[in-house]
Amino acid sequence: MDISIKQLESDLWNAADNLRANSTLTAAEYKDPLLGLVFLRFVQNRHEDAKVKIQESLAINPRTGQKREVTKDDFVAAGSILLPEKAKYDYLAALPESENIAEAINNAMKLIEEEYPSLVGILPKNYQVFDSKLLRDLVRVFNKDTVKKAKGDIFGRIYEFFLMKFSMQGAGAQEGGEFFTPPSLVNLIVNFIQPDHGIIHDPACGSGGMFVQTAHFIQDHTPNKSVNEAITVYGTELKNNNTKLAKMNLAVHGIEGSIIESNSFYTNPHNLTGKCDFVMANPPFNVSGIDGKNKFLTEDARLPFGAPLTGKGTIGNGNYLWIQYFHSYLNATGRAGFVMASSATDASNAEKLIRQQLIETGDVECIVSIANNFFYTRSLPCHVWFFNKDKKAENKDKVLMIDARNTYRKVSGTIQDFSDEQLEGLTALINAFRGDSLGVSKNNEWFTEHFSDGKYTDVQGLCKIVNLDDIKSRGYSLTPGRYVGVDIDIDMDFDHAERMTEIRSELSELNKEASKLMEKILGVEL
């Protein structure tokens, strides 16, 4: 991303967050109304750009010598919204002090919903909770010249950036990452499965980040085709607030799609089994309390290998429901990429039997181990799984194992991600496995460091192509670390003797403290 865009993101966030810090609102209370203002500002920018392009493309009527009136359909085709005058950001920013700014913004949201039924009940309309001065100051934050002149998808990126920042604060999420998947993991999935056409599905879509990154991928790789011409997106999301975020996110990016609020465990609202070209997801991990006797679940065609029932006939963990859903949604040439709890690659009992059957389909293409601290408000490690129902014949009984736990860029003391170079290098591994062009730049130091001759080879501690016999011999485990080995990096400058002396000294002090504590405990009269 251009450095100026990063600076703009940072400046806008700092200004908006400083205003929140001086208010009585929590981050969770502040999040949706603030994103609503970002939405309003962006849709006017997009509206003005689209209006110019539409006018240029309209043919002149030879009979009247005039161009026809621009319609709402013209704006939809241009990936934009036809805005009523009183819903425009410029109108709101120019309101005199005597006017009720909160009421005007609430009305702007209502006017847009009247024009676009798919947004009814989605846009925030609670601006009366803001102090009037705070609200006007916020409106000014997004009305600076640099913001008004922002073109292309800059505002879409700002919207995603704000979502990320709120996720880091835990705003609106019981567990971090509930509505927002870190960009590095989304990019990894999109780069690996290359979703450039057809039906795209995310049955646990959160704020819709998978769809947004897919749109970026299409714009970068097939610029001659619009996003809405290339793909049709479908999302399912359990939580009402996340569903609203997803619909706003799609609207911000001009993506047409269907997002349904529903529980994927007990419904299949889009009826996409066997129909999807691509599936992407970051589902909630290790969900318990699922009703194993629910009639829909017991008859669900998305579970060809059965539900992961315990000996008591209950479902103690939902991971292998999700995993089967993702596989079952794919058509005969479909690909899937999804984030999953690390425990799933070695889970035993009923889950192991399901995993064995999945592996034996030949559709498991790659597993990537991810280090701690990729999620913003929790530090757990995870794996990213990839299915491909159109693997080449020679790869049908093979799986690419990648242990990327030592591949990361440290963003802060608690957050890590992949650098662009690392993402490109990891993507080159799946490209090599498929026999495609590596797609790696000559100056990629990460790739050169591991593959000095510029070609894929198994690298101890990083990657290995394993066959079905290898997997069988390890109890159908899909944990990359069990196959790639350990890359031991010895620090030759480390003074082991000095460190052992330090450890002995620390242990001696701890033993003395333990003895004193024991004396006090024994001296207590009962």
Answer whether the closest heavy-atom distance between the side chains of [X] and [Y] falls below 4.5 Å.
{"X": "Ser258", "Y": "His270", "value": "yes"}
{"X": "Arg405", "Y": "Ile370", "value": "no"}
{"X": "Ile231", "Y": "Val233", "value": "yes"}
{"X": "Ile402", "Y": "Ile367", "value": "no"}
{"X": "Thr243", "Y": "Ile260", "value": "no"}
{"X": "Asp196", "Y": "His221", "value": "no"}
{"X": "Phe265", "Y": "Leu321", "value": "yes"}
{"X": "Leu83", "Y": "Val43", "value": "yes"}

Ring centres under 6.0 angstrom apart ([X], [Y]):
{"X": "Tyr408", "Y": "Phe374", "answer": "no"}
{"X": "Phe296", "Y": "Tyr266", "answer": "no"}
{"X": "Trp322", "Y": "Phe285", "answer": "no"}

Heavy-atom closest pair, residues [X] and [Y]:
{"X": "His253", "Y": "Arg46", "result": "O-NH2, 3.3 Å"}
{"X": "Leu12", "Y": "Val141", "result": "CD2-O, 3.5 Å"}
{"X": "Ile101", "Y": "Ser132", "result": "CG2-OG, 4.0 Å"}
{"X": "Ile199", "Y": "Asp277", "result": "N-OD2, 2.8 Å"}
{"X": "Asp32", "Y": "Pro124", "result": "O-CG, 3.4 Å"}
{"X": "Thr236", "Y": "Ser264", "result": "CG2-OG, 3.5 Å"}

Run the salt-bridge test on [X] and [Y] with the 4.0 Å N-O cut-off and return the result as yes or no.
{"X": "Arg68", "Y": "Asp74", "value": "yes"}
{"X": "Asp90", "Y": "Arg41", "value": "yes"}
{"X": "Lys53", "Y": "Glu56", "value": "no"}

* To do: Go through the steps to decide whether Glu97 and Arg136 satisfy the test salt bridge (Lys or Arg N to Asp or Glu O under 4.0 Å), and finish with yes or no.
  => CA-CA 9 Å; Glu97 296 283 334; Arg136 286 187 183 277; 3.6 Å; yes

* **Geometric cation-pi criterion Arg302 and Tyr325, 6.0 Å radius, 45° cone** =>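 Geometry flag: set, cation within 6.0 Å and 45°.
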
Do any N or O atoms from the side chain of [X] and from the backbone of [Y] form a donor-acceptor pair under 3.5 angstrom?
{"X": "Arg335", "Y": "Ile193", "value": "yes"}
{"X": "Tyr89", "Y": "Val139", "value": "yes"}
{"X": "Asp300", "Y": "Leu303", "value": "no"}
{"X": "Gln416", "Y": "Ala371", "value": "no"}
{"X": "Gln213", "Y": "Gly209", "value": "no"}

Could you give the distance from [atom1] ([X]) to [atom2] ([Y]), rounded to the nearest 0.5 Å?
{"X": "Leu358", "Y": "Ile323", "atom1": "CG", "atom2": "CD1", "value": "7.0 Å"}
{"X": "Asn187", "Y": "Phe192", "atom1": "CG", "atom2": "CZ", "value": "11.5 Å"}
{"X": "Asn240", "Y": "Glu261", "atom1": "CG", "atom2": "CD", "value": "4.5 Å"}
{"X": "Ile430", "Y": "Cys366", "atom1": "CD1", "atom2": "SG", "value": "4.5 Å"}
{"X": "Lys389", "Y": "His327", "atom1": "NZ", "atom2": "NE2", "value": "4.5 Å"}
{"X": "Cys205", "Y": "Ile259", "atom1": "SG", "atom2": "CD1", "value": "4.5 Å"}

Just checking [X]: does its [atom1] atom have more than 12 heavy atoms from other residues, nucleotides or ligands closer to it than 6.0 angstrom?
{"X": "Lys67", "atom1": "NZ", "answer": "yes"}
{"X": "Arg434", "atom1": "CZ", "answer": "yes"}
{"X": "Lys295", "atom1": "NZ", "answer": "no"}
{"X": "Glu115", "atom1": "CD", "answer": "yes"}

* With His201, which of Tyr329, Phe326, Phe211 fulfils ring pair (Phe, Tyr, Trp, His ring centres under 6.0 Å)? ->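 Option passing the ring pair (Phe, Tyr, Trp, His ring centres under 6.0 Å) with His201: Tyr329.
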
* Step-by-step side-chain contact (heavy atoms from CB on, under 4.5 Å) determination, Asp403 to Val368 -> CA-CA 6 Å; Asp403 190 343; Val368 183; over 6 Å; no

* To do: Determine, step by step, whether Ile105 and Leu135 satisfy the side-chain contact (heavy atoms from CB on, under 4.5 Å) criterion, reporting the C-alpha distance in whole Å, the side-chain angles of both residues, the deciding distance to 0.1 Å, and the verdict.
  => CA-CA 10 Å; Ile105 297 174; Leu135 191 51; 4.0 Å; yes

* Candidate pair Phe387 and Phe338, rule side-chain contact (heavy atoms from CB on, under 4.5 Å), full reasoning -> CA-CA 9 Å; Phe387 294 150; Phe338 55 92; 3.6 Å; yes

* To do: In sequence, state the C-alpha distance, the side-chain angles, and the governing distance for Ile122 and Phe39, and then conclude on side-chain contact (heavy atoms from CB on, under 4.5 Å).
  => CA-CA 12 Å; Ile122 301 304; Phe39 171 83; over 6 Å; no

* Asked: Where does the angle between the aromatic ring planes of Tyr30 and Phe130 fall among parallel (under 30°), tilted (30 to 60°) and perpendicular (over 60°)?
  ->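 The rings of Tyr30 and Phe130 sit tilted, inter-plane angle from 30° to 60°.
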
* For side-chain hydrogen bond (donor to acceptor under 3.5 Å, both in side chains), just list the numbers for Asp390 and Asn388, CA-CA rounded to whole Å, side-chain angles, deciding distance to a tenth of an Å, and then say yes or no. => CA-CA 5 Å; Asp390 194 32; Asn388 185 353; over 6 Å; no

* To do: Apply the test side-chain hydrogen bond (donor to acceptor under 3.5 Å, both in side chains) to residues Thr273 and Asn268: give CA-CA distance (whole Å), side-chain angles for both, the deciding distance (0.1 Å), then the verdict.
  => CA-CA 8 Å; Thr273 307; Asn268 185 11; 3.0 Å; yes

* Among side-chain atoms of Thr267 and Ser262, is any donor-acceptor pair under 3.5 angstrom? ->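 Side-chain D/A pair, Thr267 to Ser262: present.
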
* Exercise: do Asn106 and Gln128 side chains pair donor with acceptor under 3.5 Å ->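 A donor-acceptor contact under 3.5 Å links the two side chains.
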
* After noting the C-alpha distance and the side-chain angles of Lys125 and Glu113, does the key distance pass the salt bridge (Lys or Arg N to Asp or Glu O under 4.0 Å) rule? -> CA-CA 11 Å; Lys125 295 180 285 292; Glu113 289 187 347; 2.9 Å; yes

* **Residue pair Ser441, Asn443: steps toward the side-chain hydrogen bond (donor to acceptor under 3.5 Å, both in side chains) verdict** => CA-CA 5 Å; Ser441 56; Asn443 60 349; 3.0 Å; yes

